[in-house]
Amino acid sequence: MASPSAPVQPLSRSGLLLTIMLTALAALLGAFGGASRVDQALYDQTLNLLSRPAQHDIVLVTIDDEGLRKLGRWPWKRQTHAALLKQLREARAVGLDLIFSEPDLTDPAADATLAQAIKEHGRVVLPLILDNLDDTQLAQPPIAPLARAAAALGFINIPVDGDGVVRRGAWQRTAGDSTVQHFALALMRAGGQAGQAQQFAQSDAGRSQATLIPFRGPPGHVTMVPYTEVLEGRIDPAFFRGKYVVVGSWATGLSDSFPTPMSHRANGMAGMEILANMLQAARDDDSLRTATAWENALATALPVLLLCLIMRRGSPRLALTWNVLLLVLIVPGSALMLRLADIWFAPSAALISLMVCYPLWSWRSQETMLRYMDEELVRLRQEHTPLQEPSQPSPRSLLDNHSVEYRLARFRHAMALLRDLRQFLTDGLDGLPDASLVFDQMQGLQFGNRAALQFFSQLKLPAPPTGQAASAVLQALLPQDASAPVLAAMQEAASQPPRSGWSSDIETRTRHGHDVIIKCAPIHAGDGAFAGTILTFSDISDIRQAERQREETLRFISHDMRAPQNAILALVSMQDEAARANQENDTLRRIAQLSRRTLHLVDGFVQLTRAESMKIQMLDLDLADLLREVCDDFWAPAQTRDIVLDVGEPLPVAFIQGDQALLRRAIANLLDNAIKYSPQHSRIRINLQADGESWLMSICDQGPGLSAEDAARVFQPFSRMASAMAADAGGAGLGLAFVRTVAERHHGQAQVRSTLGEGSCFELQLPRA
């Protein structure tokens, strides 16, 4: 027999190597991934699911199509913007997302008017335009009068990803020799939140060249009012009190619209709304970032490592379940990290790694198991078996010789051979006439043959379950002092060399009085390792009982049978003297009495022997009817001594299976004894009642009773109690032994409850039909 760990070792070694390789590959993909279109699409969908409401103190004043219809073509006069600023005088800060890079050549006074309005307002921010996203380029400020009048300047350039979608933004750039901040930070400085703006600019997100913009919602989620309604005064200036206002283009063909994760690519989101989202992010100190290379590598490698550990120890079904579960949880996990930790872990690398992991592991496991199966099948064919092998499958082609189907056919052939061999051994053990129990190395029960089940059933013990310890099996079967030598023999068997022929024979008696010989022998595996122990129980109770009966018969013949005959001879020799003394009648009476005793003794012995050895014919009968018939038979003897037979009527219908003649004789013996030892003018109580799965019949007299010593041996053959000898009842001591024998032959029991001087109660318990 191969070692149990043999098939696990190659799987463990290759599994460890494959775990390391797959985990390293996943970490590598995670470190260098994250910029794929799949990750970008997943990020866009995730951000849409995490939308949040915009702040109410940010308002967009939009230059829409209605405004162009009323005020004419763009650009509008700068006096119009100056008038708008007067309507926005209550605003916390105003950001004009309008380009004023050139002076108004048609109206030289227009720039001064607007500059004066900006200066009077005092909290107006104008945009800077960077040449491009290269830090070495210069910024293009608005014209000098407006720049000097503005409270702050900030750049409005928006970087675009490779797929044309705006996902990131920079908070500060280097333009020439100076650092310029974003338009949103400039608005915060103008609105009295310079300290908060500076703190955000010095954070990791503020110093980053490009952080993810935490868009709050789709286009239109920020509060908007038309330019013309504000200009015409239809909106109360108090509406803008304490609010940030961004003025920009929204009209068709005029707005700078960009695709964002929160907008449909066909429509996009206006630049002024993107600025509003960045303003809200800076004010809430809310920033998103992409996980670093090592963070993404770790996040990708951990689920792969977990799956590999599960596949090493779990079943294929469990591994597949976990693989699907991890695949399902990867994207929600990334979304959860984005929501709770403001970090985006690109999930595509983890998804690819998990999708590759299970097929590779399955291939590796299949190859390893098939290779091991081939080796074991070769070993199995080389080992001897006493059975004729089934027909061996043959390959149809060279390719078929290495196919899974052909190997499974060979495996089925080997399993058929092993099943036949196992059945051969099982039938061999079941066919053994003696009870046999097989225990493993740890003395746990593994098998019991048919004879063992019958043996425990005869002792009225439940069959020991598989896995029960040998000590528990023996404790229920043998006395404590008898089980110790058997356990010692089992310990000694474990140390015996294979094929040594060692065995141990122990004769003892069970708790139920059965004489047994216990044979202990070791079992060894094919490689010589100790595999267990077999115990064989040979019941020799009949042999020992026959020996004891022979001794009793010899004692009976040598003593009890001779004593009456000697007395008869002595009385006959005295007949002459008796005649002379006129005592003939008394002598003849004594002769008749002793003769009847001899005949009674012989009859009792014959009946007892017959009850012990005869084949019982089990028939359905009513124990109550049988009890009434016996009581009727003994009514006359009871009346002779003025003894009342008190039958506890109505008796229940008590069906049992048994031999009517034996049971009738047993009940008669009990009732005869009760009448014989009861005083005159007394009462005998007879009752029949249900007792669990049995019927309990009791016959209670008011006789002299039994001592505890007499009650313990009252059912033994040839036992004469002191009360019986005192009453000279003429019994031979076989009647109650006959009762016990009949009860046991019917799988019941006979017992007595007695108190000296208060009477006895004999009980006969028989199982229900």
Side-chain angles (χ1 to χ4, degrees), residues 58-63 74-75 81 84-85 88 91 93-102 114 118 123-135 137-143 146-147 149-161 164-176 178-191 193 197 200-201 205-206 208-216 219 222 224 227 244-251 254-260 262-263 268-283 287:
I58 297 178
V59 181
L60 300 181
V61 177
T62 60
I63 302 172
W74 186 263
H81 301 314
L84 179 71
L85 289 177
L88 299 175
V94 177
L96 295 179
D97 184 19
L98 305 173
I99 306 300
F100 299 107
S101 59
E102 295 180 356
L114 180 58
I118 292 174
R123 300 179 302 279
V124 178
V125 178
L126 296 179
L128 289 173
I129 304 298
L130 300 178
D131 288 342
N132 50 47
L133 295 181
D134 193 347
D135 293 342
Q137 299 301 312
L138 298 177
Q140 294 183 4
I143 59 177
L146 300 182
L153 302 176
F155 68 89
I156 58 173
N157 297 68
I158 299 175
V160 180
D161 286 348
V165 179
V166 174
R167 298 184 181 88
R168 294 173 174 81
W171 295 99
Q172 50 190 352
R173 293 285 188 180
T174 301
S178 61
T179 299
V180 293
Q181 292 185 344
H182 192 268
F183 190 80
L185 297 179
L187 269 174
M188 291 178 64
R189 293 202 308 273
Q193 291 182 304
F200 184 82
S208 175
Q209 294 298 316
T211 59
L212 295 171
I213 300 175
F215 289 98
R216 296 304 178 99
V222 182
M224 297 182 183
Y227 188 103
Y244 286 96
V245 178
V246 178
V247 181
S249 300
W250 189 268
L254 185 63
S255 173
D256 51 346
S257 181
F258 301 92
T260 66
M262 308 295 289
S263 65
M269 181 180 287
M272 62 184 301
E273 197 167 3
I274 297 176
L275 294 177
N277 277 276
M278 296 187 69
L279 174 61
Q280 183 169 345
R283 294 184 63 204
S287 62

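It should be emphasised that the depicted structure is a prediction, and the values quoted were computed from it without experimental measurement.
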When the ring planes of His182 and Phe155 are compared, do they come out parallel, tilted or perpendicular, using 30° and 60° as the limits? perpendicular
Heavy-atom nearest pair, Ala147 first then Leu153, reads CB-CD1, 4.3 Å
Asp256 meets the side chain to side chain donor-acceptor pair (under 3.5 Å) criterion, sequence neighbours left out, with none
Rounded to the nearest 0.5 angstrom, the OG1-CG distance for Thr62 and Asp97 is 12.5 Å
dist Ile99:CD1 -> Leu128:CG (nearest 0.5 Å) comes out at 9.5 Å
In short, Gly154 meets Phe183 closest at the heavy-atom pair O-CD1, 3.6 Å
Heavy-atom closest pair (Trp171 atom, Leu185 atom, distance to 0.1 Å) is O-CD1, 3.6 Å
Side chain to side chain donor-acceptor pair (under 3.5 Å) filter on Asn277, not counting sequence neighbours, yields His221
The salt bridge (Lys or Arg N to Asp or Glu O under 4.0 Å) partners of Arg216 (sequence neighbours excluded) come to Asp284, Asp286
**Asked** Is there side-chain contact between His81 and Phe100, with at least one heavy-atom pair below 4.5 Å?
**Response** yes
Separation between OH (Tyr244) and CG (Leu279), nearest 0.5 Å, reads 6.5 Å
Here the pair of heavy atoms bringing Leu98 nearest to Val247 is CG-O, 4.3 Å
In short, Leu60 meets Ala276 closest at the heavy-atom pair CD2-CB, 3.9 Å
Do Leu114 and Leu85 have side chains that get closer than 4.5 Å, going by heavy atoms? yes
Decide yes or no for Leu212 and Ser287: does some side-chain heavy atom of the first lie under 4.5 Å from some side-chain heavy atom of the second?
-> no
Please check if the side chain of Arg123 supplies one atom and the backbone of Ala91 the other of a donor-acceptor pair under 3.5 Å. yes
Residues Gly169 and Met278: closest non-hydrogen pair is CA-CE, 4.2 Å
message: Determine whether a donor-acceptor pair (N or O, by modelled atom type, separation under 3.5 Å) exists between the side chain of Gln181 and the backbone of Ala201.
response: no
Any side-chain heavy-atom pair from Leu187 and Leu275 closer than 4.5 angstrom?
no
